[in-house]
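Everything on this sheet refers to the single structure shown next.
So that the names make sense, note that chain A is the first sequence line, chain B the second, and so on, each numbered from 1.
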Amino acid sequence: MNIVAAAIGRPYIPGWTDLGPFVAEGWLIVTVVGLLLAPFFARRRNLACFLVALAGLTAALISLLWVGVPAPGRAPLRGILIADSFALLWKAMLIVFTVGVLFLWRSTTASEMREGDGPEFFTLLIGATLGMSLMASTTNLLMIVMAVELASLPSYVLAGFRKTHRLGAEASLKYVLFGAGCSALMIYALTFLYGMYGTLDLGAIARQVQGGAHAHPALLTIAFFGLIAGVGFKIAAVPFHFWCPDVFEGASVEVTAFLSVASKGAGLVLLLRVLMTFADAMEYRAAQPLVALAYAVGILGAITATVGNTAAFAQNNIKRLLAYSSIAHAGYMMCAVSLLFNLNGHQTDAASGVNAPAQVLLFYLTVYLFMNLGAFAVAALVYRATGSEDISAFNGLVKRNPVLAHAMMACMISLIGLPPFAGFVAKLNLMLVLMNNGGGWWILVAVIAVNSIASAFYYFRVLRAIYLEPAGADQPAFAGHPLGVALAAGSGLALVLMLVLASPVSALTRHYARMQGIGGAAATPATKPVVTVSAAP
Amino acid sequence: MELTLAISSSPIIGLNHYLVLAAFIFVCGLLSMMLKRNAIGILMGVELILNAANINLVAFNRFSYAYSPDHKPMLDGQVFAIFVIVLAAAEAAVALAIFLNYYNNFNTIDVERAQTLKG
Amino acid sequence: MNSIASILALSVDAQTVPAVLFYLFAGISAASALGVVLSRNIVRTAVCLLFTLVGVAGLYFLLESEFLAAVQLVVYVGGTLILIVFGVMLTSKSPFSRFEPKAGEVVVAIAACIILFAALVMAIRSADFRPQTLDTTQKYPVVALGQALLGDYLVPFELASVVLLVVMIGAAYLAKSRKRDDKRAVARGAATLSQKARQWS
Amino acid sequence: MTVAVLLLIATLLPLLSFAILAFVGKRMGNPLAGIVGTFFISASFVCSLAAMIVWLSLDVAEGRAFGFGGQPILKTYDWLPGGLQIGIYVDSLTVVMFSMITLVAALVHVFSLGYMADDRRFPRFYTYLGLFSFSMLALVLSGTLLQLFIFWELVGLCSYLLIGFWYEKKTASNAAIKAFVTNRIGDVGFIIGLGLLFCHLGNATFPGIWGSLGNAGMAQSGQVLILPMVQGSAGAAELSGSLQKAEPQFTRFPHVTTTMLTLMGIALFCGAIGKSAQFPLHVWLPDAMEGPTPVSALIHAATMVAAGVYLVGRIFPILTPDAKLFIAIIGCVTMTIAALIAMAQTDIKRVLAYSTLSQLGLMILAMGIGSWVGGLFHLITHAFFKALLFLGAGNVIHAAHHEQELTEFGGLWRKIPYTAITFGVAVFAIAGVGVTVGDTMIGFAGYFSKDLILHHAGAFAWLATKEGGHTAYWLFFWLPTIVAYLTAFYMTRCWMLTFAGRPRNQKLYDRARETPVMYIPLAVLSVLSVIGGTALGARQMIESAAKETNNYFDPRLRPPAVANPTAKVAQPAHFAGFSTAWQNAGAYAHGDTSTIASDAYRLGERSLKYVSFAFVVGIGLGILVYSKGLTIPNALLRVPPLRWLNIWLYRAMYFDEMYAGVVVACTMALATVAAVVDRYVIDALVNLSARVVRRGAVLARLCDQFVLDRAVSATAEMVQEIGAAARAPQTGRIRTYVTALMVAVALSLAGAIIVVLSTTGR
């Protein structure tokens with residue numbers, strides 16, 4: 001016995017300091033269990049599960065904000081997971097958005113769903129949310145794979161959740177085959193990273209890459225390819241985007257909304273963290289393999305934005321249109337992620353630890369969340385009222401339901417990136433940071449600018465239907481579910497507010513744009529003309 | 001060809017042998033993903049790729065990183081491989097459920113019939 | 001390693017036995033992997049996959065990862081593959097006959113894969129990993145695996161249970177077929193519920 | 001800070017009104033929506049008035065004379081990282097503009113209660129008015145150029161909506177589009193200027209701009225020609241000593257060359273050209289009269305069109321002499337041609353529109369020659385009497401059941417006496433009726449501001465031509481002088497044809513009537529048109545604003561504490577260092593500044609004698625010619641040259657036709673090029689007959705379309721084609737997806753590996 005005990009050693013029992021920062025995830029797991037138990041105690045099972053899920057998410061949000069971020073320098077859970085402010089803000093956004101998705105479900109699909117399917121639906125939704133929140137807080141290869149799979153596997157089922165719906169079945173088939181292929185590619189490629197550096201911790205790997213140890217550039221290339229394949233699938237970057245329009249069209253609307261923001265956001269957050277870990281270890285110097293990586297991501301972002309925008313042009317289905325639009329926006333955000341080295345300084349301010357691309361990404365995601373939530377809410381309510389997902393279903397919406405019409409207008413204009421809505425600020429912020437980086441990033445700025453103009457064409461098609469086309473005889477006025485209307489109106493309002501209060505939002509994202517283990521090296525101060533106002537009289 | 005070269009150059013079975021084998025299985029997996037029209041066949045391609053990954057992991061672990069500098073056994077690769085097996089099982093379960101659902105709706109398992117969503 | 005070698009080849013050179021075994025298992029898995037690609041019948045494909053998995057399990061034995069080999073045999077061959085075969089059987093009513101891809105696709109796919117394979121082999125050979133031989137002098141206990149799973153990798157270990165739970169629920173939901181009266185019930189339920197919804201619309 | 005808070009409330013009240021009316025306006029219905037709107041804007045006026053009182057009492061509290069400068073308030077707020085700030089800037093100019101805008105807006109709101117009473121889109125009209133009032137006030141309150149630009153666009157949008165308010169009328173919607181497009185042309189310049197400014201400063205708060213580039217605007221070729229812009233504060237002699245040795249201040253911005261600064265100034269001024277309808281882009285304003293008349297009074301006479309002048313006022317310190325010369329020329333041209341055209345118009349609103357153009361040109365000219373105070377002062381007084389004129393015209397039109405031709409009116413004073421009287425007051429005001437007895441000036445509002453501008457124009461011309469400057473600089477004095485005569489004449493013509501004589505259309509005459517809700521605003525405005533030049537202290541406020549601005553761009557120019565504001569001995573001119581012509585006055589920079597400045601001031605005053613009695617001549621001639629209705633002018637117009645002249649002027653010098661010609665020519669040229677390219681390049685390449693047919697159709701369409709449309713549709717087609725390419729792999733076949741993806745990955749990965757291997761030499 002003694003020999004075995006000696007071999008096993010003392011068991012590892014994580015304490016509060018380890019688990020404290022992850023209480024939110026704990027709540028999500030508890031919610032999953034609760035969802036399985038809830039049907040036994042309630043007659044209206046779907047409603048009960050809705051409430052349980054809502055309660056669980058609320059609890060998770062509260063505990064997330066309550067516990068906050070542990071002091072830097074500690075690596076809880078033996079470094080498997082990371083709890084930092086960057087992850088915290090993303091998780092908060094994710095949970096808020098998932099609550100929005102729940103409301104969207106309540107106001108649209110709830111009445112169609114068979115009594116008793118609720119537990120499964122919410123279990124899958126919460127499970128995917130758990131995976132997406134874990135994606136944000138790890139740099140361990142194994143954890144990355146686990147989190148990505150935990151986010152993906154329930155999503156595959158969610159896409160085909162309407163079992164009797166042919167399109168749903170087709171969508172989930174495409175999703176699962178494509179997703180399984182991409183994740184298999186990623187896993188195979190990541191094995192080389194392990195093979196070269198003997199550890200699963202990306203931080204350690206990055207430091208070895210910087211140190212030049214075991215430099216096998218060809219294998220490193222394979223590894224990065226795989227990484228981009230796995231994450232690119234989540235964020236639907238070209239050429240990993242094929243699933244996106246089909247799945248978005250085939251899935252029911254709240255699932256589509258969920259995938260469009262949560263899934264993509266998680267992928268981008270993960271990508272940023274992984275790449276920044278490398279960039280920080282390399283001190284943001286323009287050296288290989290950082291340069292190649294930055295160019296690859298930037299070019300991929302530019303192509304993604306262009307393909308998304310141009311392909312959206314001919315779409316008549318609103319969900320498909322929004323799918324391409326989300327591809328384009330993922331492209332814009334990838335441009336921010338491509339800021340791996342800076343020609344005039346560091347991406348991470350050494351003094352404050354603020355990471356500029358992380359700030360841009362968080363800002364953009366915050367705005368993007370509301371834009372998409374609002375747009376999908378309106379699309380869902382219009383679908384409920386007319387039974388059609390065509391853009392023509394929006395004809396004369398301004399007369400039929402002015403609140404929804406104006407909310408959609410806000411979302412569309414914000415998606416273009418025009419004032420007076422927050423999309424403008426988000427895009428401006430992105431472009432300013434890209435410009436500040438200088439060099440080849442000016443090309444990305446130009447690409448984004450041209451793309452924004454091109455995107456106006458298809459967003460305006462929706463606005464044209466809403467405001468200029470007369471409503472057909474079979475398109476009467478409708479009120480819409482109050483919850484959904486509130487969701488849409490709230491999103492529209494949030495977009496205006498975030499433009500006016502761009503500064504606090506910017507300050508918030510700046511405050512949270514700090515990543516553990518990424519502190520920036522000794523920075524050289526950036527030179528910028530500073531304007532001092534002459535003394536007032 | 002490369003395989004035979006690797007063999008003839010040294011009688012000892014080294015890491016590269018395993019890696020090349022894994023690469024071969026990986027490529028086979030890719031090919032069956034591309035060429036099968038049966039959804040289950042595509043899934044089998046995925047399983048092949050995952051097996052290739054596992055061979056890599058175990059071989060790297062055993063050859064290069066079996067022991068830490070202070071001679072403690074290190075098993076990161078094997079642990080990863082175990083999780084990959086678990087994930088493969090989970091993925092297969094989900095995928096097969098989805099195939100069944102597809103089959104119920106389309107009365108076939110031929111992926112070519114799923115062409116409603118396009119454009 | 002030593003034990004297997006001693007069992008299988010009593011008096012052969014210590015270098016040759018593992019080599020022979022490697023080529024045996026590698027041959028099995030490689031050939032069956034190719035079989036997976038080439039066979040046209042889905043059942044035969046499944047059988048080929050079985051042999052690949054068994055061959056890979058053998059390779060794990062060669063690499064002194066007995067536990068993993070066991071997991072491979074029990075979980076992969078005994079679980080996942082059986083699941084796949086069930087899938088094959090459940091969907092076997094569908095017409096199999098003309099599942100052939102077009103010749104152009106085949107050519108493109110094979111060409112791309114050959115190029116990729118060549119590139120991968122070049123990359124692997126360029127990396128020149130050291131050491132190329134197994135260090136069999138030191139102990140390599142299974143107990144360490146358990147320690148790692150419940151120590152450093154406790155979180156993914158526990159998370160795997162969540163993954164499996166969620167996946168099980170999802171798969172069970174999708175796989176259980178919805179009967180006809182079920183559909184009617186759905187319609188009825190939807191009708192009563194959508195009455196309320198209609199108030200809004 | 002009280003002032004800032006009050007002004008913010010004043011700004012937000014119309015927004016609240018807009019929000020309320022936008023949501024429940026339709027339910028409120030006809031009078032209620034208007035009353036709500038009126039209530040909010042009146043509250044806004046009360047706030048502005050309170051702000052003004054507090055502002056002035058601050059001066060008194062700090063022991064300064066009435067109207068001389070509280071502390072300007074600058075509150076900025078980092079809107080976005082990267083130096084984009086928004087904020088508020090309050091100085092005396094802001095305060096006085098606020099009072100003017102809210103007052104005119106409130107009166108127009110009241111007036112519209114009557115004028116728009118029968119309109120079925122009554123609530124929407126008030127909704128738009130609320131949005132406009134908010135945007136205009138926010139524009140004036142803006143602390144940075146960027147913010148100003150945002151509200152600039154917003155007022156443009158409101159203007160567009162209100163011009164096209166009766167969009168069923170084809171002319172109205174056309175006019176709206178014309179206004180919109182024309183303004184965009186100007187805005188392109190504005191954006192370019194803004195971009196240049198941002199590139200160099202990374203920031204654009206007004207004090208920031210002034211502090212950084214203000215001195216650069218004053219200097220040229222190393223010469224420092226700085227004089228305070230404001231009259232009556234510091235002895236120039238005291239200043240000159242310190243200034244002579246001053247270095248050009250833009251050493252901090254070595255990359256800002258004088259040329260760059262000139263370009264920047266002109267680019268920014270392009271915005272003003274669009275919005276204030278200056279010479280090449282002036283064509284939209286007369287057409288904008290298709291909008292409801294109260295809108296014309298508020299937006300297209302009193303407030304929005306004056307925003308261009310306001311903009312020039314705000315960027316004034318960074319304008320180089322060359323840029324100012326450009327501005328002066330543009331103003332001068334606009335003023336002259338508009339005055340000439342106004343003489344031949346027969347539509348009452350078009351007469352007023354051209355008169356507005358002419359007055360705006362005068363203001364721009366004033367800014368150009370450095371008469372900052374004069375230009376902005378005229379902006380305020382002009383707002384009162386031009387709003388009065390428009391509302392009076394509205395009354396006439398309303399009384400005449402939407403007849404606008406002067407030839408149909410006549411003798412209306414018997415039917416609508418209040419309107420006739422107030423209109424007369426406005427005519428006197430715009431004609432500049434007034435006399436100077438000794439040091440005392442008595443007259444209508446317009447007299448004071450116009451007098452000030454002409455005084456400065458004279459002084460400027462004198463200084464510019466001194467020591468060999470080109471004689472043409474005297475045009476900057478003589479043209480406004482002539483225009484003063486013309487103005488008095490055509491305004492009298494307008495009044496005479498409308499109100500005097502015998503009715504020319506008996507039916508119309510019989511039905512004419514007026515209502516109190518519509519002439520009470522007229523009465524208020526006519527009082528303001530009389531006393532606006534003196535009693536309100538507008539001029540003093542603007543002068544203190546000038547001083548506040550001055551203090552920002554060069555702290556050394558702050559008036560010495562001992563300065564005696566009443567001293568008139570050494571009046572430094574209002575035309576701080578000016579125009580290329582001043583190069584010749586090299587001695588000016590080094591010589592005895594005080595002597596030259598007071599010389600100029602005195603000589604400018606002396607040239608005023610040519611214009612002092614312009615109103616007598618103009619009004620007299622007007623009464624004479626139009627005393628018998630149209631008989632005398634009709635007789636005169638039988639003389640061929642006069643007839644031709646009249647037709648030329650009546651058709652507004654054929655500007656529209658010219659532009660149409662240019663557009664058509666460009667379109668045709670483009671079409672030809674497209675055809676050539678199609679026929680010889682694309683066909684050769686593609687050789688598809690279907691394509692030829694399609695392109696042919698496009699070509700045919702081209703000929704009757706605007707260039708803009710063509711560009712848009714071409715872009716759309718291009719995007720569509722790229723989109724088709726982008727969607728090509730999206731076949732719906734999962735195997736295509738997987739194959740495409742895997743082949744792409746396989747090939748690119750293989751390629752990358754080979755590249756990496758070959759570069760690293762392994």
Got [X] and [Y] here, is their nearest side-chain heavy-atom distance under 4.5 Å?
X	Y	answer
C:Leu164	B:Val86	yes
C:Leu59	B:Leu21	yes
B:Val20	C:Leu120	no
C:Val56	B:Ile55	yes
B:Leu75	C:Tyr153	no

Donor-acceptor pair between B:Asn51 and C:Gln72 side chains, under 3.5 angstrom: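 Looking only at side-chain atoms, C:Gln72 and B:Asn51 do form a donor-acceptor pair, the distance falling under 3.5 Å.
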Side-chain donor-acceptor contact under 3.5 Å, C:Tyr60 with B:Gln78: no
Point-to-point distance, once rounded to the nearest 0.5 Å, from SG of B:Cys28 to CG of C:Leu49: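 Answer for the SG-CG pair, B:Cys28 versus C:Leu49, is 11.5 Å.
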From C:Thr91 atom OG1 to B:Asn107 atom CG, the distance as rounded to the nearest 0.5 Å: 11.0 Å
C:Phe51, CZ atom: more than 12 neighbouring heavy atoms under 6.0 Å: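 At most 12 heavy atoms, drawn from other residues, nucleotides or ligands, come within 6.0 Å of this atom.
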Interchain contact, [X] with chain B, by part (heavy-atom threshold 4.5 Å):
X	answer
C:Ile110	both
C:Ala160	side chain
C:Ala46	both

Test of ring centre spacing under 6.0 Å for B:Phe26 and C:Phe117: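 No, the ring of B:Phe26 stays outside the 6.0 Å limit from the ring of C:Phe117, centre to centre.
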Pick one of side chain, backbone, both or neither for [X], based on which atoms fall under 4.5 Å of a heavy atom in chain C.
X	answer
B:Phe24	both
B:Leu96	side chain
B:Ala59	both

Top contributor to chain C interface from B:Ala23, B:Ala22, B:Ala89, B:Ala92 [non-hydrogen pairs under 4.5 Å]: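 The residue among B:Ala23, B:Ala22, B:Ala89, B:Ala92 with the greatest pair count is B:Ala23.
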Contact leader toward chain C among B:Ile82, B:Ile25, B:Asn101, where contacts are heavy-atom pairs under 4.5 Å: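 Of the candidates given, the most pairs with chain C belong to B:Ile82.
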Using a 4.5 angstrom heavy-atom cutoff, name the option from [options] with the most pairs to chain B.
options	result
C:Ile84, C:Val166, C:Leu116, C:Asp152	C:Ile84
C:Val71, C:Val106, C:Leu145	C:Leu145
C:Thr45, C:Val75, C:Val108	C:Thr45

Nearest heavy-atom neighbours spanning [X] and [Y]:
X	Y	answer
B:Leu48	C:Ala33	CD1-O, 4.1 Å
B:Ala88	C:Thr80	O-CG2, 4.3 Å
C:Ala175	B:Leu100	CB-CD1, 4.1 Å

Candidate pair B:Tyr102 and C:Leu174, rule side-chain contact (heavy atoms from CB on, under 4.5 Å), full reasoning: CA-CA 10 Å; B:Tyr102 174 73; C:Leu174 272 190; over 6 Å; no
Steps toward side-chain contact (heavy atoms from CB on, under 4.5 Å) verdict (B:Val79, C:Phe157): CA-CA 10 Å; B:Val79 170; C:Phe157 186 75; over 6 Å; no
C:Cys113 vs B:Met34, side-chain contact (heavy atoms from CB on, under 4.5 Å): CA-CA, chis, key distance, verdict: CA-CA 10 Å; C:Cys113 282; B:Met34 284 193 260; 3.4 Å; yes
B:Lys36 (side chain) donor-acceptor with C:Ile42 (main chain) under 3.5 angstrom: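 Absent.
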